[in-house]
Amino acid sequence: KTIAGTFCHAPILGEIEILRDALVEIDGEGRIAKVVAAGSAAHAETRAAAEAAGTLVVAPPRSYILPGFVDLHIHAPQYPQLGKALDVPLEVWLQQHTFPLEARYANLAFAKRHYSALVDDLIANGTTTALYFATQHVEASKALVDICLEKGQRALVGKVAMDNPAECPDYYRDSSAEAGIAGTKALIDYVAAHPENHGLVHPVITPRFVPSCTDPMLEGLGELARECGCHVQTHCSESDWAHGYVLDRFGRTDAETLDRFGLMTRRTVLAHSNFLTDGDMDLIQACGAGVAHCPLSNAYFANSVFPLRAALAKGVRVGLGTDISGGPTASMIEAQRMAIAASRMLETGVDPALPQGARGRPGSRIDFDIAFHLATAGGGDALDLPVGQFAPGFHFDAILVDPDAPGGTMRIWDDIDSDEDALQKIVYTASKANLAAVWIGGRGVSGEAL
Ligand code: GUN
Ligand code: FE
């Protein structure tokens with residue numbers, strides 16, 4: 001089909017491109033075949049051909065089409081506790097709230113019910129690609145794969161590896177490193193052999209974080225990463241407790257430790273990464289790994305703000321994550337807003353440790369253009385997947401934003417707002433109700449049948 005509308009995207013960090021009244025032609029595989037700007041000869045031709053074939057889809061007036069959001073860090077099983085237990089430290093939250101909840105996914109019916117609700121909610125919020133932590137259980141992780149395939153969400157799913165008896169409770173851990181590695185392989189094989197999977201879902205090697213894994217587990221998963229070339233995800237230097245734990249155990253930072261175990265690859269995504277040293281950033285950049293910046297969760301659990309501008313200046317690939325349920329929202333629009341707010345606080349917040357009159361870290365702030373890039377093209381780039389922008393060969397994963405949708409929270413004034421103003425207002429004021437339709441791989445998965 002061919003979609004006619006006004007497309008906004010941000011393929012290059014710090015730049016917004018708006019294609020007013022353009023056409024995007026989608027091929028049989030759900031990828032973008034061509035993007036045709038208004039006013040060209042090709043535009044009239046393409047439009048006429050699509051009209052004749054009955055494949056032209058025209059977006060409503062005043063609407064905008066954006067790339068779907070890439071949630072680069074989310075714990076699928078934690079959705080039922082969204083908005084709960086945000087007032088305790090990370091290590092207490094894990095032991096008292098999160099591990100008991102995740103353990104319940106041993107029950108497959110429970111897993112299916114909650115995973116279905118989550119995937120529906122994410123799609124309705126415009127998340128077209130999600131990099132998921134599932135739980136330690138192989139069967140429930142397979143169920144999450146099935147649900148993403150059934151609902152048509154692009155997803156990367158990891159069975160969580162966690163075998164360290166010193167940090168994981170008896171009722172919720174891999175019985176041995178071998179068992180955790182075998183379970184990880186089982187999920188990889190399941191995804192590869194799934195008859196309905198035509199590249200929509202990918203498996204991920206997922207050591208929860210260094211503290212929850214023994215050395216043999218980290219070693220085995222590193223070997224597996226080398227053998228299969230799969231994505232890898234983990235938490236990296238999140239809070240001062242988590243960061244200090246790894247320093248105590250290895251005398252090295254998280255990034256250095258992960259690298260020694262072979263877990264820092266071009267397809268690795270490190271969640272949080274708040275306490276990175278300069279050397280860590282160089283290492284991450286050299287390995288081509290990415291960072292999932294989770295600003296809302298960082299406010300509650302990390303005792304820190306991720307130094308985003310410093311990482312970007314080093315050429316580190318960065319995307320945004322909700323970190324459900326460390327972050328209490330399924331909305332990647334809210335994640336963008338929080339990324340902006342956090343950057344402002346890092347820049348101008350008063351740190352009592354600084355000399356009197358000194359404030360924050362100069363040059364830290366970002367605005368909507370950078371946040372929008374991170375939530376779309378930046379996330380796609382960190383995953384090495386062709387998503388997050390409107391260009392030939394990229395998957396047509398997109399959202400239709402209708403400022404006039406009933407129940408929406410944004411206003412656009414034709415006599416005041418430019419297209420760029422409209423995008424700015426989408427980032428700062430749109431809500432789920434404004435997302436009138438969502439496509440993944442060219443398939444309408446939510447909202448109006450378009
Ligand atoms: N570190 C280890 N596990 C977790 C988790 O589930 N959430 C967060 N935010 N940090 C973690
Ligand atoms: Fe997390």
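Atoms within each ligand, like the ligands themselves, are counted from 1 in listed order. The model shown is predicted, which means the values in this text are computed figures rather than measured ones.
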Spell out, as yes or no, whether a donor-acceptor pair under 3.5 Å connects the side chain of Gln95 to the backbone of Glu167. yes
Has Phe209 got any heavy atom lying under 4.0 angstrom from an atom of ligand 1? yes
Can you tell me if Phe133 contacts ligand 1 (heavy atom of the residue under 4.0 Å from the ligand)?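 The answer is no: ligand 1 sits nowhere under 4.0 Å from a heavy atom of Phe133.
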Please determine whether a side-chain nitrogen of the Lys or Arg among Arg249 and Asp215 lies less than 4.0 Å from a carboxylate oxygen of the Asp or Glu.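 Yes, this pair counts.
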Verify the ring-centre separation between His9 and Phe372: is it less than 6.0 angstrom?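 When the ring centroids of Phe372 and His9 are compared, they turn out to be at least 6.0 Å apart.
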Side chain, backbone, both or neither: which part of Trp93 has a heavy atom under 4.0 Å from ligand 1? side chain
Hey, is ligand 1 close enough to Glu102 that some N/O pair sits below 3.5 Å? no
2.8 Å cut-off met by an N, O or S atom of His75 to the Fe ion (ligand 2): yes
How about Glu238: does one of its N, O or S atoms come closer than 2.8 Å to the Fe ion (ligand 2)?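 Glu238 does not place any N, O or S atom closer than 2.8 Å to the Fe ion (ligand 2).
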All heavy atoms of Ala382 vs all of Gly290, minimum pair found to be CB-CA, 4.4 Å
Evaluate whether atom NZ of Lys314 has more than 12 neighbouring non-hydrogen atoms of other residues, nucleotides or ligands under 6.0 angstrom away.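 For Lys314, atom NZ is crowded (more than 12 foreign heavy atoms under 6.0 Å).
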Within the 4.5 Å heavy-atom criterion, are Phe261 and Leu221 side-chain neighbours or not? no
Quick one, Leu400 and Leu435 - any side-chain contact, counting heavy atoms below 4.5 Å? no
Atoms of ligand 1 less than 4.0 Å from His272 heavy atoms?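 Answer, ordered by atom number: 9 (N).
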If the cut-off is 4.0 Å to any non-hydrogen atom of Asp323, which atoms of ligand 1 fall inside it? 8 (C), 9 (N)
What atom name does the N, O or S atom of Asp323 nearest to the Fe ion (ligand 2) carry? OD1
To the Fe ion (ligand 2), the closest N, O or S atom belonging to His235 is NE2
Starting from atom 10 (N) of ligand 1, find the nearest protein heavy-atom neighbour and note its residue, name and distance. Glu238 OE1, 2.7 Å
Check each of His235, Glu167, Met162, Arg208 against atom 8 (C) of ligand 1 and report the one with the nearest heavy atom.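 Nearest option to atom 8 (C) of ligand 1, by heavy atoms: His235.
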Does the side chain to side chain contact (heavy atoms under 4.5 Å, CB included) test come out yes or no for Asp369 and Glu15, once each step is laid out? CA-CA 7 Å; Asp369 52 343; Glu15 292 178 24; over 6 Å; no
